[in-house]
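To start, the structure under review is shown below, and the notes come after it.
Heavy-atom basis, side chains included; hydrogens, waters and symmetry copies ignored. Reminder, nothing fancy here: chain letters follow the sequence lines and each chain counts from 1.
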Amino acid sequence: MPVQERRIIYRHIDEPGYTIDLACYQRHGGYEVLRKALQRKPEELVQEVKDSALRGRGGAGFPTGMKWGFLDRKSGKPVYLICNADESEPGTYKDRQIIYKDPHQLIEGVVISSFAIQAKQAFIYIRGEMFEGFHILEKAIEEARAANFLGDNILGSGYSVDVVVHRGAGCYICGEETGMIESLEGKRAYPRIKPPYFPAVLGLYNCPTIVNNVETLCQVKHVIDMGGKEFVKIGVPGDSGTHIWGISGHVAKPGYYEIESGKATVRDLVYDLAGGPAAGRTIKAIIPGGVSMKILRMGEKFKVKLPDGSAGEWGVLDIPLDSGSFMQCGTSLGTGGMIVMDDTTDMVEALANLNAFYAHETCGQCTPCREGSLWLKKVTHRVCNGGGRLEDIDLVKNIADQIAGRTICAHGEAAAWPCQSNVPKFRDEWEEKIRAQMQAREHGELAARKGLRLV
Amino acid sequence: MNLSEKTTQYIDRLIPRYPVKRSAMLMILHAIQEEQGYLSKEAIEWTAQKLEVQPIAVYEVVTFYPMFRQAPIGRRHVKVCRTLSCALRGAYKVCDTLQHELGCGLGETSADGNYTIEFVECVAACGSAPVVMVDDKLHENITPEKTPDFAAKLKRETTPSMPPSRH
Ligand SMILES: Cc1cc2nc3c(=O)[nH]c(=O)nc-3n(C[C@H](O)[C@H](O)[C@H](O)COP(=O)(O)O)c2cc1C
Ligand code: SF4
Ligand code: FES
C-alpha cells in the first residue's frame, strides 16, 4: 500500500474553504485546547511536554520538555518566549505554510507554551522577507486579543501575556537562537558564547528565555490536547509525533508531506509522494533536511541496528524517516527540508552554491568561520570556473575540518558539514572534473562546464 | 525629518511594545524604509534619537542586515533566489534572462531607473522553485521558460511615475 500522510499540524492546510480568520479557526475547534490548558497548573503542562518526548523542529531536534526544564526560576527575573519564525535554513519551507495558512494554530501554541513556562511576554521573530506573513500574524493577533485569547487576564484565568511580532531583515544568522536574541535587542545578530549565555538562563535582556521553532510550538498544542502519554505513542521511540517533509529539487512533485515519524522511508517519500525523478533521470544524491545536513549519495550502504536490536544494512532509500535512523547513517533529518539531486547535477557546483551561501551569511565574529567560509567559496568557485587543481580537493576538506568545533555558534558546523560530506563521497567526480580542466589548460583552453549552472 | 503622520504614529505605537526601547530598532528602520525607499543619514540620526542610543548603534544595524540600504534603488526591486533548490531548477538562467529582458545588470539599477536586480539567498519557498520576489511579493515557479513572459508583465506594470521601490 502506498504510504499515507498523517496530518496533525497540517490538518487544515490547503483544505478547501479553510481560511485564516479567527471564526474559521474556532469552527474547527480553535482555542479550545488553550481554554482547557488555562484550567491546569503550568507545571502539569510542562510535564505533559516532557512525557511527550517532543523534539524541537528547528533543526537541532533538542527535546522541548528538557529545554523548558532548564529555565532559571531562581533569579526571579521575567521569563520570555521567542517563537523562531526565521525559517532561513535553505531547503526549508514548512513554517511558511503554517504562518500563511493557519496563523491561529501558531498563536494558540504560543499562548499555551507561554502559560506553561509562565512567560511575561512572547515574541514571534519572523524573517523580513515574509512581508505578507507579518501582516497575517499581526491581524490574527489582533483578532485573538479582541477575543481575549491573549492579552490581559486571558479567559478570566488571571494569566496575562502579550504576543509581539518582530521582523528580521534578511540574515540567516538571526535563525540561530542567540543571534536572534541579540537581534531582538536591536543589535547586530552576533551569536553569543555558551556558556554562559544559555538562553534559558541568560537570554533576552539577560533574562531566562525559551526559543522554539514555529512547528514545535504548534506540536505543543497537540501534545497538550492529547496528553503527553498519548502523543509519545505516535511515531517511534526517541522521535515522537509527525515530521513535515518539504521536498525540493529534482522530483516530479516538490511539496510538503506530513508523515508519522519512522513510519515511512526515504523511498516512500521521494518516489511515492514526491513522484521520483523526471522521466529518464536517476537520483544521484539527497540532502535530508536543510542544506547544512550531511549529503547522502545513492548507492551508499549503512550498517545499522534495526529496531529489534539485530544488525542490518540500509541503502539511502531504505532509511526510515525518523531522527535516530538518519543519525545511524551519519547525518540528520534537520528541518525536514529535503533536497533531491538527479544525475545531471554537478556535485562540485552544488557544493559551490552552498559555500556561497555560508560565505554570505557568516556574521564574522569568529576567524575560522569568517575566513574559512570565504576561502571555501573561493576554492570551490575556482574549481567551477575551470581553474581546479587536484590539491583543492583535500584543501576544501581541510578548511572545513578546521572550522567545525572551533566557533561560537553552529554556523561553523553548518558551513563545514556540506564540504566534509560532499568531498569524500564524490571524490571521483571532483578528480574527473579537475583532470579534465588540467588537460584543457595544457592546450590553453577552458574545460566546458557540464550540467545546469549552480553558481 | 520628513516622515508622514501615519508612520510617526505607527513608530510611537511600536516602541512601547518592547520592554526595552532599543528592541524596536529593526521595526522602525523597516517602517522608515517602507516610506522613504532607503535609510538616509537623517533617518539614522532620527532613529538614534528616538531610541536614545548613539547614531553608531543604528549604523551598525543598518550595515549588518542585507534588507536595509542607504541609497534609493530602482522602481522595482527584483530579487532572484539563487540558493540550491532554486538553482537546481534553473535560477541562474532565470536571472540571466531577467537581466537581458529588463536591460539591467546583476546588482545594478537599470539606466532608466526602473529595475534593480539582485540575487538573494533562500526565501523559504523552495518547494515552488525557482522563485523571484518583486518588491514585497513572492512569485513562485518562475522557470527559465516562463521568465520572458514574467519579464514582459513586469515591464507592462512599471511606469515612470512610480517612486523607487520601498521594499
Ligand atoms: C545558523 C543557524 C540558523 C538557524 N536557523 C533557524 C531557523 O531559521 N529556524 C529555527 O527554528 N531554528 C533555527 N536554528 C536553530 C535555533 O538556533 C534553535 O535551535 C531553534 O530555534 C530551537 O527551537 P526548537 O527547540 O523548537 O527546535 C538555526 C541554528 C543555526 C546555528
Ligand atoms: S560561527 Fe560564524 S556565524 Fe557563528 S558566531 Fe562565529 S562567525 Fe558568527
Ligand atoms: S532555495 Fe530558493 S526559496 Fe529556498
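- A donor-acceptor pair shorter than 3.5 Å can be found between the side chains of B/Glu35 and B/Thr7.
- Contact count against chain B (heavy-atom pairs under 4.5 Å) is highest for A/Ala189 among A/Gly255, A/Ser183, A/Ala189, A/Pro78.
- A side-chain donor from one of B/Thr63 and A/Arg188 sits under 3.5 Å from a side-chain acceptor of the other.
- Both the backbone and the side chain of A/Cys363 come within less than 4.5 Å of a heavy atom of chain B.
- Heavy atoms closer than 4.5 Å to chain B are found nowhere in A/Tyr100, neither backbone nor side chain.
- A/Thr345 touches chain B through its side chain: at least one heavy atom from C-beta onward sits under 4.5 Å away, while N, CA, C and O do not.
- In terms of heavy atoms, A/Gly249 sits closest to B/Leu88 at CA-CD1, 4.1 Å.
- Here the two rings, on A/Tyr172 and A/His411, have centers that are under 6.0 Å apart.
- Considering all non-hydrogen atoms of both residues, A/Tyr257 and A/Ala274 come closest at OH-CA, 3.8 Å.
- Proximity to chain A (any heavy atom under 4.5 Å) is shown, for B/Asn141, by neither the backbone nor the side chain.
- Proximity to chain B (any heavy atom under 4.5 Å) is shown, for A/Val163, by neither the backbone nor the side chain.
- If you measure heavy-atom distances from A/Arg127 to chain B, the contacts under 4.5 Å come from the side chain alone.
- Heavy-atom distances place the side chain of A/Gln121, and not its backbone, under 4.5 Å from chain B.
- When all heavy atoms are compared, the tightest approach of A/Leu376 to A/Cys419 is CD1-SG, 3.8 Å.
- For B/Leu138, the part lying under 4.5 angstrom from a heavy atom of chain A is the side chain only.
- Proximity to chain B is limited to the side chain of A/Tyr205, based on heavy atoms less than 4.5 angstrom apart.
- At a 4.5 Å heavy-atom cutoff, the contact between A/His360 and chain B is made by side-chain atoms alone.
- Residue A/Glu132 does not touch chain B at all, counting heavy-atom pairs closer than 4.5 Å.
- Looking at heavy atoms from C-beta onward, B/Ile11 lies in side-chain contact with B/Ile32 at the 4.5 angstrom threshold.
- Ring centers of B/Tyr92 and B/Phe119: under 6.0 Å apart, within the cut-off.
- A heavy-atom distance below 4.5 Å is not found between the side chains of A/Tyr256 and A/Lys94.
- A/Leu184 places none of its side-chain heavy atoms less than 4.5 Å from the side chain of A/Tyr80.
- Annotation: maximal heavy-atom pairing with chain B below 4.5 Å, among A/Arg96, A/Glu129, A/Arg167, occurs at A/Arg167.
- Pairing each heavy atom of B/Gly127 with each of A/Pro254, the nearest pair is O-CB, 3.4 Å.
- If you measure heavy-atom distances from A/Ile287 to chain B, the contacts under 4.5 Å come from the side chain alone.
- Between chain B and the residues A/Lys187, A/Glu87, A/Lys253, the most heavy-atom pairs under 4.5 angstrom are made by A/Lys187.
- Judged purely by distance below 3.5 Å, without hydrogens or angles, the side chains of B/Thr147 and B/Thr97 never pair a donor atom with an acceptor atom.
- Contact count against chain A (heavy-atom pairs under 4.5 Å) is highest for B/Met67 among B/Arg17, B/Glu60, B/Met25, B/Met67.
- Heavy atoms of A/Glu361 lying under 4.5 Å from chain B belong exclusively to its side chain.
- Options B/Thr83, B/Leu84, B/Val61 differ in how many heavy-atom pairs under 4.5 Å they form with chain A, and the most are formed by B/Leu84.
- The contact between A/Leu454 and chain B is made by backbone and side chain atoms together, counting heavy-atom distances below 4.5 Å.
- Using a 4.5 Å cut-off between heavy atoms, B/Lys93 touches chain A through its side chain atoms alone.
- Between the side chains of B/Arg76 and B/Thr158, at least one donor-acceptor pair of N or O atoms lies under 3.5 Å.
- Of the two parts of B/Ala129, neither the backbone nor the side chain holds a non-hydrogen atom closer than 4.5 Å to a non-hydrogen atom of chain A.
- Each of B/Ser23, B/Ala24, B/Cys86 has some count of heavy-atom pairs under 4.5 Å with chain A, and the biggest count is that of B/Ser23.
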